[in-house]
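Below: the structure, in structure tokens.
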Amino acid sequence: MLSILHELNDRLKVALGQAFPAAAAAAEAEGSALDAQLGPASKPEFGDFQANGALALAKRLGMQPRVIATALVEKLEAAAGFSDLCERPQIAGPGFINLTIKPERLAAEVASRLQDPRLGVSSAAEESEAQGRGLAPVIVDFSSPNIAKEMHVGHLRSTIIGDSLARVLEFRGYQVLRLNHVGDWGTQFGMLITHLKQVAPEALSTADAVDLGDLVAFYRQAKQRFDSDEAFQSTAREEVVRLQGGDPVSLKAWHLLCAQSRREFQQLYDRLDISLNERGESFYNPLLAAVVADLEASGLLVSDGGAQCVFLEESSAHKLPPVIVQKSDGGFNYATTDLAAIRYRFAAPPAGDAARRVIYVTDAGQASHFAGVFQVARRAGWIPADGRLEHVPFGLVQGEDGKKLKTRSGDTVRLKDLLDEAVERSEADLRRRLQEEQRSESEEFIQQVANTVGLAAVKYADLSQNRITNYQFSFARMLALQGNTAPYLLYALVRIAGIARKGGDAGVIGDAGNTGDAGNTRDSNQITGLFSKLQFHEPQEWALVRHLLGFDAVIAEVEEELLPNRLCSYLFELSQVFNRFYDQVPVLKAPPEARNSRLALCRLTADTLKLGLGLLGIPTLERM
RNA sequence: GGGGCUGUAGCUCAGCCGGAUAGAGCGACGGUUUCCUAAACCGUAGGUCGUGGGUUCGAGUCCCGCCAGCCCCGCCA
């Protein structure tokens with residue numbers, strides 16, 4: 001409905017100019033045009049849209065709000081074509097203008113979406129092409145585990161939220177660089193390499209000689225020796241120097257450790273169907289000296305206690321710690337790496353990505369770090385005027401006791417274990433239900449459904465919450481079959497698939513969001529024939545129509561605000577509206593003149609759910 | 001000590017540019033199945049939007065103070 005919203009807004013703007021020419025011209029001259037404050041209606045009984053501008057303009061124009069509203073409505077109604085778009089506007093309360101779109105127009109929108117694999121969402125790529133300019137890539141920096149360590153619950157939110165944001169941006173037509181900024185460089189490699197050289201020297205001379213097996217245990221052993229053995233410690237320190245000096249044997253050992261970790265991470269990414277390009281901290285290593293030199297040249301660098309720092313501009317009298325870019329021992333640290341990354345990502349190729357939007361999905365605890373680093377980058381002139389640099393923070397994962405999520409024994413929860421448990425619980429639940437309903441299904445079906453539902457539940461539970469707040473993790477809640485959960489949404493889709501099997505044409509589009517491509521285009525002649533004369537009469541049909549048409553606006557919102565929970569709410573509400581329709585309005589048993597229109601609604605609902613869930617990284621099921 | 005985030009129904013949470021009577025879900029209580037998967041639907045009860053000021057025609061939303069919880073705070077990431 002974004003196109004209708006824009007059309008109405010344009011019409012309101014014209015009406016404002018006609019009704020109040022002097023004030024409109026004056027406002028225009030000031031650079032702040034009069035605003036009709038058009039937005040979606042706050043309640044269904046108010047229609048489709050409401051314009052609140054009359055209230056705000058009352059003081060400025062020195063008139064009663066209702067008088068302003070009346071004048072506006074008069075001009076609106078007099079304009080050519082308005083009555084084809086909209087019912088007579090209603091003035092309500094102190095001066096709200098309520099607008100209801102004509103049923104024929106809504107039905108036409110539904111018909112057009114049935115033929116549109118993008119479901120009404122415009123493509124940024126096509127838009128920029130039409131305007132004859134290029135579209136800069138967007139970078140989403142997410143997941144970012146550390147080499148030689150395990151992925152744990154702390155990586156869950158970044159990985160899931162980052163993937164979903166990337167999918168939405170990809171669907172909108174952007175080229176998205178999904179960067180995995182893995183921790184693959186730093187002093188811990190001294191001890192790891194030293195340990196490797198001592199316990200598995202053959203790995204360094206023979207190709208693929210050794211499978212390191214449990215890397216976590218390996219890391220623990222190395223750490224334990226580092227902490228207890230002084231000789232080991234000094235060897236490890238020398239090893240760091242060798243590695244940074246480019247010693248071939250040290251590099252080989254380093255590669256080996258990275259490759260091993262990469263394989264383990266990849267298993268989880270495959271399982272979650274998440275794609276990432278690894279570009280770890282080591283990538284920026286050769287660029288660090290230039291970062292410091294650049295800061296020096298721009299006069300931002302200050303030596304303080306032997307360390308090279310940039311002091312932050314403070315908005316008030318509060319004293320912020322400086323950003324240290326070079327330690328007193330000459331080494332660089334994480335702030336330097338982050339600065340090098342920002343510089344590279346905005347810079348022109350070949351020594352840069354030429355991005356214009358860079359998004360960091362990390363926990364909220366790093367907010368002040370990023371605020372500092374972003375400020376330094378800005379003052380250093382590395383961010384173009386049209387460049388956006390955004391930290392997308394999220395809260396902690398907590399247990400049901402409200403404390404940081406831990407296992408019973410107090411350890412960090414491994415991501416693998418967490419996913420396993422979700423799938424196991426989902427399987428147990430499914431088996432219990434099959435027994436209760438005396439259904440018999442193949443083992444393959446059970447595994448497939450349990451896996452899909454379990455992983456969907458984990459993803460959806462995370463995404464459906466506003467990411468800023470801490471997130472209380474609960475298997476029971478996320479796997480619940482009712483409420484705002486993945487199983488509830490998946491079930492709505494299963495119901496539609498059931499209608500399709502029993503004779504209704506559902507012809508749902510393919511797994512759109514998963515590929516960033518909306519899938520098969522349909523035979524438009526066939527569709528036009530089938531759904532050309534849509535007509536709706538029941539309130540449940542209209543509620544569904546109106547909700548379906550809101551999809552494009554939600555995608556636009558997620559693209560801008562980077563809040564996937566908005567998409568989740570939309571899909572949940574869509575499922576609710578659909579279930580009401582399904583419960584109260586027959587589809588297959590409807591009289592022929594209503595049947596096709598209802599089938600069309602079923603299909604568009606399925607398409608929308610499937611696409612929407614795909615953008616959350618959640619695949620769907622035909623039966624469950 | 002400084003900074004950030006959070007505080008909305010018993011619980012978990014939404015609440016978009018400030019807009020009409022603050023919304024869901026769970027839980028509780030009551031109802032609905034010869035009919036497309038009842039994993040659903042319908043209804044009832046439940047609120048000092050932490051608190052005190054301010055701005056505004058209008059504040060859960062913006063500004064200031066206070067209280068509480070969590071997180072961060074110079075050479076780890």
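Chain A is the first sequence line, chain B the second, and so forth, proteins listed ahead of strands; every chain is numbered from 1.
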message: The criterion is side chain to side chain contact (heavy atoms under 4.5 Å, CB included); which residues satisfy it with A:Gln465, sequence neighbours excluded?
response: A:Thr469, A:Tyr471
Look at the side chain of [X] and decide which nucleotide, out of [options], has an atom nearest to it.
X        : options                : result
A:Gln482 : B:rC36, B:rA40, B:rA14 : B:rA40
A:Glu561 : B:rC17, B:rG74, B:rU12 : B:rC17
A:Gln472 : B:rC13, B:rG74, B:rA20 : B:rC13
A:Pro321 : B:rC72, B:rA14, B:rG74 : B:rG74
A:Ser368 : B:rC72, B:rC35, B:rC13 : B:rC72
A:Asn333 : B:rA77, B:rC70, B:rC13 : B:rA77

Indicate, with a heavy-atom threshold strictly under 4.0 Å, whether [X] touches base, sugar-phosphate, or nothing.
X        : result
A:Gly365 : sugar-phosphate
A:Ser42  : base
A:Tyr488 : sugar-phosphate
A:Arg439 : base
A:Ala307 : base
A:Gly305 : base
A:Leu489 : nothing
A:Ser328 : base
A:Asp329 : nothing
A:Asp35  : nothing
A:Val449 : nothing
A:Glu557 : base
A:Pro322 : base

- request: Measure the shortest side-chain to side-chain distance between A:Phe578 and A:Cys602 over non-hydrogen atoms and say whether it is less than 4.5 angstrom.
  value: yes
For residues 182-191 of chain A, run the donor-acceptor check on the side chains, cut-off 3.5 Å, and write out each pair with its distance to 0.1 Å, sequence neighbours left out.
{"residue": "A:Asp184", "atom": "OD1", "partner": "A:Glu281", "partner atom": "N", "Å": "3.0"}
{"residue": "A:Asp184", "atom": "OD1", "partner": "A:Ser282", "partner atom": "N", "Å": "2.7"}
{"residue": "A:Asp184", "atom": "OD1", "partner": "A:Ser282", "partner atom": "OG", "Å": "3.4"}
{"residue": "A:Asp184", "atom": "OD2", "partner": "A:Ser282", "partner atom": "OG", "Å": "2.7"}
{"residue": "A:Trp185", "atom": "NE1", "partner": "A:Asn285", "partner atom": "OD1", "Å": "3.3"}

message: At less than 3.5 Å, do the side-chain atoms of A:Gln576 and the base atoms of B:rA24 form a donor-acceptor pair?
response: no
task: Go through the N and O atoms of the side chain of A:Asn98 and the base of B:rA20, and report whether any donor-acceptor pair is under 3.5 Å.
output: yes
- line: All heavy atoms of A:Asp304 vs all of A:Cys309, minimum pair found to be CB-SG, 4.0 Å
Identify each atom pair where a protein N or O and an N or O of nucleotides 55-61 of chain B are less than 3.5 Å apart, giving names and distance.
{"residue": "B:rC57", "atom": "OP1", "partner": "A:Lys59", "partner atom": "NZ", "Å": "2.1"}

field: Pair A:Gln366, A:Asp363: side-chain N/O donor-acceptor within cut-off below 3.5 Å
entry: yes
- request: Flag the pair A:Phe96 / A:Phe46 as yes when their ring centroid distance falls below 6.0 Å, and as no otherwise.
  value: no
message: Taking the ring of A:His369 and the ring of A:Tyr334, is the distance between their centroids below 6.0 Å?
response: yes
At a cut-off of 3.5 Å, list every protein nitrogen or oxygen paired with a nitrogen or oxygen from nucleotides 42-46 of chain B, distance to 0.1 Å.
{"residue": "B:rC42", "atom": "OP1", "partner": "A:Arg580", "partner atom": "NE", "Å": "2.5"}

message: Is the base of B:rA20 stacked against the aromatic ring of A:Phe46, taking ring centres under 5.5 Å apart and planes under 30° as the test?
response: yes
task: Runs of at least three consecutive Watson-Crick or G-U pairs, both distances under 3.5 Å, are what I'm after; which ones involve RNA chain B?
output: B:1-7 with B:67-73, B:10-13 with B:23-26, B:28-32 with B:40-44, B:50-54 with B:62-66
statement: So side-chain hydrogen bond (donor to acceptor under 3.5 Å, both in side chains) across residues 561-573 of chain A, not counting sequence neighbours, yields A:Glu557-A:Arg566
- request: Take A:Gln375 and A:Arg379 through the test side chain to side chain donor-acceptor pair (under 3.5 Å) and record every step on the way to the result.
  value: CA-CA 6 Å; A:Gln375 190 199 112; A:Arg379 284 160 67 200; 2.6 Å; yes
